[in-house]
Novice: 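Sharing a structure, written as structure tokens. Questions coming.
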Amino acid sequence: MALAVAASARVHGTTSPNPPVGAVVLDASGRLAGVGATQPPGGPHAEVVALAEAGHRARGGTAVVTLEPCAHHGRTPPCTDALLEAGVARVVYANADPNPKAAGGAEVLRAAGVAVEHLPTHVEPLRAWLHYARTGRPHVTWKYAATLDGRTAAADGTSRWISSEQSRAEVHALRTTIDAIMVGTGTVRADDPRLTARGTGVTRQPLRVVVGTSDLPPHARVLDEQAETLHLRTHDPDVVLGELAKRNVVDVLLEGGPTLAGAFARAGRIDRVLAYVAPKLLGDGPAALRDAGVSTVTDAVGLVVEQVSMCGPDVRISAVPSPAH
């Protein structure tokens with residue numbers, strides 16, 4: 001399963017709106033025979049890629065997949081058909097498919113005599129897609145960088161660079177895996193960001209989304225031709241997410257600023273918080289979040305911290321809303 005998850009990670013950001021699935025095929029003796037991952041839309045799914053690599057060695061063997069094999073005919077034939085045709089004797093999958101159009105693969109395989117096992121496993125590259133399939137809404141990660149005292153800029157408005165070079169490089173790598181980057185019109189006016197993924201080997205740029213009713217400055221860098229930009233003249237998070245869902249946007253990175261983040265927090269539309277906390281103190285300046293609908297401590301948005309790690313000198317914190325929220 002670890003090999004299948006790694007295969008999923010390698011194609012994360014290239015398969016949307018399809019899930020980035022990883023698959024491994026073992027021969028009848030349990031030896032590695034093939035590894036595969038879902039190809040861009042219209043291409044083969046992970047199981048088909050792994051089976052092609054395994055060839056005749058798949059017969060009587062085991063397929064290990066990060067997502068339940070699909071049982072429907074979309075752009076490609078059902079993966080259950082490919083597994084049965086290859087003669088696989090056993091299938092192990094990490095996550096049940098919540099998409100009603102594609103679900104049911106496990107039962108199809110069992111009915112055909114294949115041994116099927118559900119081995120629940122967290123597959124990070126599938127996080128956004130699973131949320132999208134369950135709710136019909138894009139998954140929103142609110143990413144911000146702040147000082148240890150919670151400031152995102154100094155009193156004079158300067159914010160470069162609060163986070164470290166290592167953190168900034170990691171965020172650019174993250175941008176290559178998501179479908180859209182979102183900011184408010186205020187951030188465009190104040191910071192004039194490009195909102196692009198930069199670095200060596202970048203072949204795909206996310207959709208740039210600007211939210212707010214104000215006009216954008218005519219020479220704003222977000223209007224250049226490096227990537228597509230969508231200006232949504234609304235302040236309603238559900239309207240924003242509805243428009244993005246129509247465009248098959250699965251994974252959104254909310255990057256700025258405190259007012260827009262507050263609106264999404266108030267609406268309960270932040271699905272993950274990714275914070276880069278720098279070992280610096282400013283003592284004054286804007287906070288990371290504003291007007292989140294919290295008037296007293298008991299109304300605070302509860303979070304469950306998933307991971308705390310270092311990124312250069314910064315502390316990287318990943319957290320999700322607690323079940324009560």
Side-chain angles (χ1 to χ4, degrees), residues 4-22 35-43 45-46 49 66-67 122-133 138-145 160-183 187-188 191-211 221-230 241 244-245 247-256 270-276 306-307 309-312 314 316-318:
V5 172
S8 169
R10 285 194 292 272
V11 297
H12 190 195
T14 68
T15 66
S16 193
N18 296 330
V21 178
V35 179
T38 301
Q39 299 303 294
H45 290 186
V49 176
T66 59
L67 183 68
H122 175 71
V123 181
E124 179 60 29
L126 286 178
R127 178 202 295 263
W129 184 86
L130 289 169
H131 169 89
Y132 179 76
H139 179 277
V140 177
T141 294
W142 173 40
K143 188 280 300 179
Y144 72 92
R160 297 186 180 183
W161 296 100
I162 282 181
S163 60
S164 65
E165 182 179 348
Q166 295 93 325
S167 293
R168 298 194 300 274
E170 184 173 281
V171 169
H172 277 292
L174 175 62
R175 285 178 173 184
T176 67
T177 69
I178 52 94
D179 298 323
I181 302 174
M182 185 192 313
V183 299
T187 295
V188 172
D191 298 338
D192 194 20
R194 284 191 178 91
L195 301 183
T196 55
R198 297 186 289 279
T200 58
V202 175
T203 59
R204 171 184 175 271
Q205 291 291 347
L207 173 69
R208 300 180 292 192
V209 181
V210 181
V211 177
R221 292 191 292 186
V222 77
L223 296 176
D224 63 26
E225 297 181 357
Q226 293 188 55
E228 181 184 358
T229 298
L230 175 65
L241 295 178
L244 295 181
R247 290 172 166 254
N248 292 323
V249 169
V250 172
D251 201 358
V252 178
L253 192 62
L254 171 57
E255 289 211 3
I270 292 177
D271 305 302
R272 180 191 182 201
V273 177
L274 185 61
Y276 291 86
E306 297 181 308
Q307 185 185 51
S309 58
M310 299 301 296
C311 188
D314 303 332
R316 177 186 183 273
I317 303 170
S318 176

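Quantities reported herein were computed from a predicted structural model and do not represent experimental measurements.
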Novice: So, for L126 and P19, which heavy atoms are closest and what is the spacing to 0.1 Å?
Specialist: CD2-CB, 3.7 Å

Novice: Check V49 against A37 and note the closest heavy-atom contact, atom names and distance.
Specialist: CG2-O, 3.7 Å

Novice: Is T176 reaching over with its side chain to a backbone N or O of A173, donor-acceptor style, under 3.5 angstrom?
Specialist: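 It does hold such a pair.
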
Novice: Any non-hydrogen side-chain atom of T141 less than 4.5 Å from a side-chain atom of L174?
Specialist: no

Novice: Rounded to the nearest 0.5 Å, how far apart are CG of L253 and NE2 of H139?
Specialist: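 The NE2 atom of H139 is 10.5 Å from CG of L253, to the nearest 0.5 Å.
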
Novice: Might you point out which heavy atoms bring A145 and I162 nearest each other, and give the distance in Å?
Specialist: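 Nearest heavy atoms, A145 then I162: C-CG2, 4.3 Å.
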
Novice: Measure the spacing between CG of L254 and CG of L274 and express it to the nearest 0.5 Å.
Specialist: 11.5 Å

Novice: I would like to know whether V273 and Y144 meet side-chain contact (heavy atoms from CB on, under 4.5 Å); could you show each step before the answer?
Specialist: CA-CA 8 Å; V273 177; Y144 72 92; 3.9 Å; yes

Novice: If we ignore hydrogens and angles and just use 3.5 Å, is the side chain of T66 paired with the main-chain N or O of G22 as donor and acceptor?
Specialist: yes

Novice: Do I181 and R175 touch side chain to side chain, with heavy atoms closer than 4.5 Å?
Specialist: yes

Novice: Is the shortest distance from a Lys or Arg side-chain nitrogen in R208 or D224 to a carboxylate oxygen in the other one below 4.0 Å?
Specialist: yes

Novice: Do S318 and R272 have side-chain atoms, one donor and one acceptor, less than 3.5 Å apart?
Specialist: yes

Novice: Suppose the criterion is salt bridge (charged side-chain N to carboxylate O under 4.0 Å, His left out): which pairs have a residue in residues 162-172, not counting sequence neighbours?
Specialist: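 Listed by first then second residue: E170-R316.
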
Novice: When you measure from the side chain of W129 to the backbone N and O of P17, does any donor-acceptor pair fall under 3.5 Å?
Specialist: yes

Novice: Could you tell me if the side chain of M182 sits less than 4.5 Å from the side chain of V249, heavy atoms only?
Specialist: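 The answer is no, as the side chains (C-beta and beyond) never meet within the 4.5 Å cut-off.
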
Novice: With distance as the sole criterion, is a donor-acceptor pair present between the side chains of S164 and D314 under 3.5 Å?
Specialist: yes

Novice: Show the numbers, then the answer: is there a side-chain contact (heavy atoms from CB on, under 4.5 Å) between L67 and L130?
Specialist: CA-CA 10 Å; L67 183 68; L130 289 169; 4.2 Å; yes

Novice: If we ignore hydrogens and angles and just use 3.5 Å, is the side chain of R221 paired with the main-chain N or O of D192 as donor and acceptor?
Specialist: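 Answer holds: yes.
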
Novice: List the steps and the verdict of side-chain contact (heavy atoms from CB on, under 4.5 Å) for E228 and R247.
Specialist: CA-CA 12 Å; E228 181 184 358; R247 290 172 166 254; 3.0 Å; yes

Novice: Are the side chain of Q205 and the backbone N or O of A197 linked by a donor-acceptor pair below 3.5 Å?
Specialist: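 Flag set: sc Q205 to bb A197 pair under 3.5 Å.
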
Novice: Compare every heavy atom of N248 with every heavy atom of S16, then report the nearest pair and how far apart it is.
Specialist: OG-O, 4.0 Å

Novice: What closest approach, in Å, do Y276 and S167 show between heavy atoms, and which atom pair accounts for it?
Specialist: CD2-OG, 3.4 Å

Novice: Give the minimum heavy-atom separation between K143 and V171, together with the two atoms involved.
Specialist: CE-CG1, 3.9 Å

Novice: Name the one of L230, D251, D179 that satisfies side chain to side chain contact (heavy atoms under 4.5 Å, CB included) with L244?
Specialist: L230

Novice: Restricting to side chain to side chain donor-acceptor pair (under 3.5 Å), what partner residues turn up for T15, sequence neighbours left out?
Specialist: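 For T15 there are no side chain to side chain donor-acceptor pair (under 3.5 Å) partners, ignoring immediate neighbours.
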
Novice: One pair to check against side-chain contact (heavy atoms from CB on, under 4.5 Å): R204 and T14. What are the steps and the verdict?
Specialist: CA-CA 8 Å; R204 171 184 175 271; T14 68; 5.6 Å; no

Novice: Roughly how far apart are I178 CD1 and E255 CD, rounded to 0.5 Å?
Specialist: 7.5 Å

